[in-house]
Chemist: 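Right, I'll just put the structure down here and ask away after.
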Amino acid sequence: MNTSPPQSEAELLDRAAQITGKTLQYVANLVNMDLPVNKPVNKGLTGELLEAYLGASAGNLPEPDFQHIGVELKTIPVNHLGVPRESTYVCIVSMLPENNKCWEQSLVKRKLSRVLWLPVEADPDIPLSIRRIGNAILWSPDAEQEQILRQDWEELMDLIIMGHLEQITATYGKYLQIRPKAQDGKSLQAGIGADGGQIQTLPRGFYLRTELTGKIISQWR
DNA sequence: CTCTGATCATTT
DNA sequence: AAATGATCAGAG
C-alpha cells in the first residue's frame, strides 16, 4: 500500500512528524508492508518503506522523490549518538558531456536543492523492526554549503570532461565524492577516455560525505 | 574506527 | 538495462 503524494511541504512535514520516535514496524503496519525477519542483508529497505509511507512518487526516475513539490527524501542511518553511519547516495554520474554543462542544471543540484532528511537508528545489532525514526529536517543548502557542493561538482566534472575519469577516487571533494555504483565489477557505462574518445567504464555515483550530513542533522540535537 | 571500493535488492 | 533504495567488507 502506498500513500498518495503530499501536495505541500507542510503536508509532508506533518506526515513525517506522525512517525517521529516510532519504529519501522509501526510504519510497516501503517502501509501494510511485511518486514523481513532473519534476512542477512536489508539494503535499501528502510528508504523504500518510508517512501511508501510518505507518498514518494518518482519511483526510480532520476528526479526528486516528491515530484509535485520538488523535494527529495533521504533517510539517513545514524548511530546511538545520532551521528551518520554512512555516506548518502545522491544520483548516478553521467560521464558524457551533454548532461554536464553547468552546476545550475545538474541533477545533483536539482536533488539537493530541497531535501527531507529522516534519521533512522541503524546500528547493526538493532533488529530492523524496532529501529526508531528521528526528527525530520526539511533542508536547503545555505550559501556556503552550496558553494562547496558546486566547487566539488565542478572539479569532478572537469576531470571527467577532460578524460581523466579513471584517476578519480573517493578522496576528491569536500562534501561530494564519486564512488562506484554498480551491480558488480562487470557493469559498464559510457564515458570519455584519456584520448578523448568514448570508453566503457564502471558506473559511478555521487555521494555526500558524513561531514555534510552530520552537520545538517545535528541541528536538532 | 573510518573510509573507500564493491555489492545487494527492488522497480520500471 | 538503468535508475532507485542503500549497506557491506576489507584496507589502512
Side-chain angles (χ1 to χ4, degrees), chain A residues 1-3 5 24 27-28 31 33-67 70-81 83-96 98-100 106-108 110-112 115-128 131 133-134 152 156 165-191 200-214 217:
Chain A
M1 180 182 119
N2 251 61
T3 314
L24 294 183
V27 180
V31 299
M33 264 178 67
D34 289 322
L35 290 180
V37 187
N38 296 332
K39 210 160 167 240
V41 291
N42 290 298
K43 299 186 186 185
L45 205 144
T46 301
E48 279 150 23
L49 172 64
L50 291 165
E51 279 189 350
Y53 166 73
L54 292 169
S57 58
N60 67 340
L61 298 176
E63 295 178 23
D65 294 298
F66 304 99
Q67 302 162 295
V71 176
E72 173 75 9
L73 172 68
K74 291 293 178 203
T75 63
I76 183 155
V78 296
N79 67 14
H80 62 107
L81 296 173
V83 174
R85 291 178 47 85
E86 299 278 356
S87 56
T88 300
Y89 173 67
V90 179
C91 61
I92 203 77
V93 180
S94 171
M95 297 183 283
L96 294 176
E98 47 268 32
N99 302 321
N100 300 303
S106 69
L107 185 54
V108 174
R110 276 187 60 214
K111 285 211 173 189
L112 296 185
V115 179
L116 185 74
W117 299 96
L118 207 45
V120 180
E121 282 183 330
D123 281 322
D125 56 335
I126 306 176
L128 207 56
R131 294 186 188 183
I133 297 151
D152 289 344
L156 289 162
L165 79 89
E166 299 296 359
Q167 91 176 51
I168 294 178
T169 67
T171 58
Y172 284 89
K174 178 173 170 62
Y175 287 167
L176 193 65
Q177 63 180 172
I178 286 181
R179 307 216 305 275
K181 174 65 170 173
Q183 201 59 35
D184 56 45
K186 290 170 276 187
S187 300
L188 291 174
Q189 183 188 347
Q200 291 297 116
T201 186
L202 192 65
R204 323 291 168 94
F206 283 113
Y207 296 79
L208 293 178
R209 295 181 184 279
T210 54
E211 174 168 354
L212 176 60
T213 57
I217 64 168

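Chain letters run A, B, ... following the sequence lines, proteins first, then strands; residues in each count from 1.
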Chemist: Counting only N and O atoms by type, is there a donor-acceptor contact under 3.5 Å from the side chain of A:K111 to the main-chain atoms of A:D65?
Modeler: no
Chemist: Would you kindly compare A:A182 and A:E86 by the position of their nearest DNA chain B nucleotide and give the one closer to the 5′ end?
Modeler: A:E86
Chemist: Students often get this wrong, so: under 4.0 angstrom with heavy atoms, is A:G44 touching a base, only sugar-phosphate, or nothing?
Modeler: base
Chemist: Test your reading of the model: is there a side-chain donor-acceptor pair from A:E51 to the backbone of A:L73, 3.5 Å cut-off?
Modeler: no
Chemist: Between the base of C:dA6 and the side chain of A:Y207, is there any donor-acceptor pair under 3.5 Å?
Modeler: yes
Chemist: Examine B:dT2: is either OP1 or OP2 under 4.0 Å from a nitrogen or oxygen in the side chain of A:R209? Give yes or no.
Modeler: no
Chemist: Considering only side-chain heavy atoms of A:T75, which listed nucleotide, C:dA6, B:dT4, C:dT4, is closest?
Modeler: C:dA6
Chemist: Just call it for A:E72: base, sugar-phosphate, or nothing, with non-hydrogen atoms closer than 4.0 Å on any strand.
Modeler: sugar-phosphate
Chemist: More 5' along DNA chain C: A:Q183 or A:N42, using each one's nearest nucleotide?
Modeler: A:Q183
Chemist: A:P62 has a side chain; which of B:dG5, C:dT4, C:dG5 sits nearest to it?
Modeler: C:dT4
Chemist: Check every atom of B:dG5, B:dT7, B:dA9 against the side chain of A:A170 and return the nucleotide holding the closest atom.
Modeler: B:dG5
Chemist: Under 4.0 angstrom, heavy atoms only, what part of the nucleic acid is A:T88 near: base, sugar-phosphate, or nothing?
Modeler: nothing
Chemist: Mark yes when over 12 heavy atoms from residues, nucleotides or ligands other than A:D184 sit less than 6.0 Å from its CG; otherwise mark no.
Modeler: yes
Chemist: Among C:dG5, B:dT12, B:dT4, which nucleotide sits nearest the side chain of A:Q177?
Modeler: B:dT4
Chemist: If you only use heavy atoms from C-beta on, which nucleotide in B:dT7, C:dT4, B:dC3 is closest to the side chain of A:T210?
Modeler: B:dC3
Chemist: Taking the side chain of A:V41 as its heavy atoms from C-beta onward, which of C:dG5, C:dT7, B:dA9 lies nearest to it?
Modeler: B:dA9
Chemist: Tell me if a side-chain donor or acceptor on A:D123 pairs with a main-chain N or O of A:D125 at a distance below 3.5 Å.
Modeler: no
Chemist: Give every donor-acceptor pair under 3.5 Å between a side-chain atom in residues 204-212 of chain A and any protein atom, sequence neighbours left out.
Modeler:
from   : atom 1 : to     : atom 2 : distance (Å)
A:R204 : NE     : A:L202 : O      : 2.6
A:R204 : NH2    : A:E166 : OE1    : 3.3
A:R204 : NH2    : A:T201 : OG1    : 2.8
A:Y207 : OH     : A:P180 : O      : 3.2
A:R209 : NE     : A:G173 : O      : 2.8
A:R209 : NH2    : A:A170 : O      : 2.5
A:R209 : NH2    : A:T171 : O      : 3.4
A:R209 : NH2    : A:Y172 : O      : 3.2
A:R209 : NH2    : A:G173 : O      : 3.2
A:E211 : OE2    : A:K174 : NZ     : 2.8

Chemist: B:dT10, OP1 or OP2 - any side-chain N/O from A:K43 closer than 4.0 Å?
Modeler: no
Chemist: C:dG5 base to A:K181 side chain: any donor-acceptor pair below 3.5 Å?
Modeler: yes
